[in-house]
Amino acid sequence: MFKHLIIFIYLLISASSLLQANAHIFVYHRFGDARHPSTNTSLSELRKEFNYFKKHGYKIVKLETIVNALKAKQEIPDNWIALTIDDNFKSFYRKGLPIFKEFGYPFTIFLYLKATQEKYKDYTSFAQLREIAKYGTFEYHSYSHGHMANMSDKQIRADFDKGLAIFKKELGTKPKYFVYPYGEYNKRLERITKEYGFEAVFNQNMGAVSKGTDIYDIDRCALVGKPKLKTYLNFDELHNVEILEPKHYPTNGVLTRVRAKVDKNAKKAYLYIRGHGWRGVKVKNGIIDYKTSKKIRGKRMKIGIQVGTKLKVKVFMGE
Ligand SMILES: [Zn+2]
């Protein structure tokens with residue numbers, strides 16, 4: 001009897017750890033370009049990360065592999081990683097690509113088309129993109145890289161129409177995935193994005209991907225500046241954390257309360273408010289209720305809740 005109980009508990013634990021398998025998607029921007037420290041990854045850092053993946057048994061898969069597994073509602077293996085690059089900077093073509101090629105790692109670049117179309121100095125040309133296409137895939141990041149959450153419906157559609165036509169003309173395909181410029185989005189932008197038939201949409205919130213992740217709101221961690229790679233790799237998708245309050249960006253720009261539902265056994269959690277950093281908060285019967293008075297600077301309010309290695313981040317956009 002006792003032995004059966006042990007086996008039962010063992011099965012229960014292994015089943016729950018299987019349910020919590022989490023893949024990770026990372027986002028890079030510039031490579032070996034020290035002029036822009038907040039969006040740059042030095043080449044020594046990139047090599048260090050790639051060697052870490054290799055040494056610790058991580059499998060670098062195509063982004064499509066993760067999306068297709070999500071669509072098929074399959075378990076997502078813990079050792080899967082997908083690498084994405086936002087904005088078609090020339091520094092990837094010149095400095096990043098040789099290292100990706102050396103390791104044989106697949107990648108997906110989300111294109112900001114106006115920059116290439118109008119030959120902005122720091123961006124790759126269409127000829128260079130066609131060369132890069134031998135090693136990786138391209139997806140969509142907008143035409144103008146504007147703050148789309150603040151555009152009118154008409155402006156949003158005009159941006160999509162223009163950018164998608166250029167994409168088709170220059171690269172011969174229709175993109176399947178989309179990334180919001182600056183990671184900024186709201187319900188309205190989400191709805192219009194879906195009308196364009198994207199199969200998956202990615203944000204820039206820290207987090208992970210597992211069975212049940214919303215395919216139109218997939219988290220990616222940025223590996224820029226001095227990233228905490230090991231912390232990010234430990235993040236689990238927190239399906240059971242729910243931010244109850246706030247629901248919207250505060251109309252007067254002052255955040256007064258954060259309420260969230262977390263694991264009912266948790267005693268302590270950490271709360272992050274953009275511009276105000278992290279703080280420890282108490283959890284009572286699975287509820288965090290934090291009262292405060294925090295002025296939110298800018299139109300982007302980011303709130304994160306961490307319990308153990310589990311993290312949930314949400315961004316609220318002001319109008
Ligand atoms: Zn971007």
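Note that ligands are numbered from 1 as they come in the structure, with each ligand's atoms numbered from 1 the same way.
Remark: Lys59 pairs with no residue by the salt bridge (Lys or Arg N to Asp or Glu O under 4.0 Å) rule, at least two apart or across chains.
In this structure, His24 and Phe26 have parallel ring planes: the angle between them is below the 30° cut-off, well short of the 60° mark.
Checked against a 6.0 Å centroid threshold, the rings of Phe198 and Tyr177 do not count as neighbours.
Between the Zn ion (ligand 1) and His145 there is an N/O/S contact shorter than 2.8 Å. Under 2.8 Å from the Zn ion (ligand 1) lies no N/O/S atom of Asp86, from backbone or side chain alike.
Checked against the Zn ion (ligand 1), the N, O or S atom of Asp87 at the shortest distance is OD1.
With a 6.0 Å cutoff to the six-membered ring centre and a 45° limit on the axis angle, Arg300 does not count as a cation-pi contact of Tyr180.
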